[in-house]
Protein chains: 2
Amino acid sequence: MRLVETRDQILDAAWNLFAERGFEDVSVRDVTNTAGVNLASVSYHFGGKEGLIQETVKHCMNPINEYRIKLLNELVTMHGSVDEVPLVELVTAFMRPVVMPDECGVRSGLMLRMLARYLIESDYTIPPASRSLYTEMIQAYAKAFMVKFPGVDPLTLVKHMVFAAGSVMLYHGLGKVALQLSSGSQEDIGEIDREEMLQDVVEYTLCGFGGRRHNVD
Amino acid sequence: MRLVETRDQILDAAWNLFAERGFEDVSVRDVTNTAGVNLASVSYHFGGKEGLIQETVKHCMNPINEYRIKLLNELVTMHGSVDEVPLVELVTAFMRPVVMPDECGVRSGLMLRMLARYLIESDYTIPPASRSLYTEMIQAYAKAFMVKFPGVDPLTLVKHMVFAAGSVMLYHGLGKVALQLSSGSQEDIGEIDREEMLQDVVEYTLCGFGGRRHNVD
DNA sequence: GTCAATATTATACGACCGTATTAAAATGCG
DNA sequence: CGCATTTTAATACGGTCGTATAATATTGAC
């Protein structure tokens, strides 16, 4: 079956190029040349460039949110009920798919970058093909956090989820720069350890969610 | 003096257009038409599109970091020494310029969006014209946080600063969406109250920096 | 093997892009 | 005023873009 191959080759090339250089900066010709297929294939399979973008983002975003839901469900069944799931595991389930996208089939650390790109360039609009899943995910976690923090305003919890999602967004890119600058050294700091990063951001998020101020000063 | 007017008109138009639609998506013609000046003015005053972008970003980024440094200095002189500045005020000084850009002459809430755009599209590279100021700012705050947390690994503190900066980045855009989704309602939630947002994100950041876990479960 | 459906290719079209060139106009100074 | 400098304007150029069209090739069912 040739049809599947071509379509997937295009998506594969689009994924890498879009993530690396952005949607506007990559031409349909760039994609088809990289994929080794004909220019017109994009129109045929995706209806045009915009369709290709939507499909590419969907193939990146949906597995993340599916993985989040899966992890949450696993936690609930494992501990019997939502309110028995430790907060740290809840937060980890929420963050892990973003830091470790490979675990849900989303390759490469370019994922966050492409997602950020799309969100910003599309006026923070979740692509239609991913919206219902996103809603489901947000609501599931919101409900879980509401169980853990019965006294806290639900809106505040959602805000914290957004803060948490944002925290990790700059880490891949700016994090390296900032770390480099602050340490004063010019040499590249190299790849960031993902497990350590996950632990860091979970700890940080955990404190933010906890909502209690540390007793310094 | 006509020269200043034209240059400023271009920067003004570029600011709005770039923030709203992105750098790639806005043509030099869009800018000059909006500004009501001739197409060639951009080449003349900025050397080309790239020069215009750099200048626009600089005019948005530098005041933010200058304001951050200014607030920090004020706090130090006010309280006598760094270690006497309450942590909450330190975090507020770091966050406030980003949430309230108008206070340092950076108009409109499009600032964060344009900055995010630029950082992502430029591979998280701070523009050369803003780099030294950025470095100065990061190092000043890093030093201050090190005073407040003498036992904490400096690298961890920088990470927390990056987390904090990221937290607020999605709030303008995705925050609205998420809040809307989670509440289940379809209607637009309207403009976000900035003072409330600052308070929220400061509180959240404060907890993250505190590094102590809340005693839920 | 035939044939309709599906998939791929080659190619052309019109539109818009960023920049350079050249001329016109405005400005500042003696 | 007169003139050199700076600024604005009109326009042309080469290139690339996304898309549509038409022809060719491949597939799968009978």
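Both backbone and side-chain heavy atoms feed into the values below; hydrogens, waters and symmetry mates do not. Convention: sequence-line order gives letters A, B, ...; per-chain numbering from 1. None of the values given here were measured: they were computed from a predicted structure.
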Rounded to the Å, how far apart are [X] [atom1] and [N] [atom2]?
{"X": "A:Ile10", "N": "D:dG18", "atom1": "CD1", "atom2": "C1'", "result": "14 Å"}
{"X": "B:Asn33", "N": "D:dA9", "atom1": "CG", "atom2": "C1'", "result": "13 Å"}
{"X": "A:Gln9", "N": "C:dT8", "atom1": "CD", "atom2": "C1'", "result": "12 Å"}
{"X": "B:Asp25", "N": "D:dG18", "atom1": "CG", "atom2": "P", "result": "12 Å"}
{"X": "A:Glu24", "N": "D:dG18", "atom1": "CD", "atom2": "C1'", "result": "12 Å"}
{"X": "A:Tyr44", "N": "C:dT11", "atom1": "OH", "atom2": "P", "result": "21 Å"}
{"X": "A:Phe46", "N": "D:dG18", "atom1": "CZ", "atom2": "C1'", "result": "16 Å"}
{"X": "A:Leu52", "N": "D:dT19", "atom1": "CG", "atom2": "C1'", "result": "14 Å"}

Heavy-atom pair with the smallest gap, counting every atom of [X] and [Y]:
{"X": "B:Glu24", "Y": "B:Lys49", "answer": "O-NZ, 3.9 Å"}
{"X": "B:Cys60", "Y": "B:Trp15", "answer": "CB-CZ3, 3.1 Å"}
{"X": "B:Leu87", "Y": "B:Leu206", "answer": "CG-CD1, 3.7 Å"}

On DNA chain C, more 5' by nearest nucleotide between B:Lys49 and A:Gly36 is A:Gly36
In terms of ring plane angle, is the pair A:Phe18 and A:Phe23 parallel, tilted or perpendicular, where the classes change at 30° and 60°?
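Rings of A:Phe18 and A:Phe23: tilted, 30 to 60°.
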Are any of [X]'s side-chain N or O atoms less than 4.0 Å away from OP1 or OP2 of [N]?
{"X": "B:Thr6", "N": "D:dT8", "value": "yes"}
{"X": "B:Ser27", "N": "C:dC16", "value": "no"}
{"X": "B:His45", "N": "D:dT6", "value": "no"}

Applying a 4.0 Å non-hydrogen cut-off, can you work out what B:Val26 is touching in the nucleic acid: base, sugar-phosphate, or nothing?
sugar-phosphate
Nucleotide nearest A:Ala40 when distance is taken to its side chain, options C:dA10, D:dC17, C:dG18
C:dA10
The side chain of B:Val28 lies closest to which of these nucleotides: D:dG18, C:dG18, D:dA9?
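It is C:dG18.
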Select from A:Val42 and B:Leu39 the residue whose nearest nucleotide in DNA chain D is closer to the 5' end of that strand.
B:Leu39
All ring-ring contact (aromatic ring centres under 6.0 Å, His included) counterparts of B:Phe163, not counting sequence neighbours:
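For B:Phe163, the residues satisfying ring-ring contact (aromatic ring centres under 6.0 Å, His included) (neighbours in sequence not counted) are A:Tyr171, A:Tyr204.
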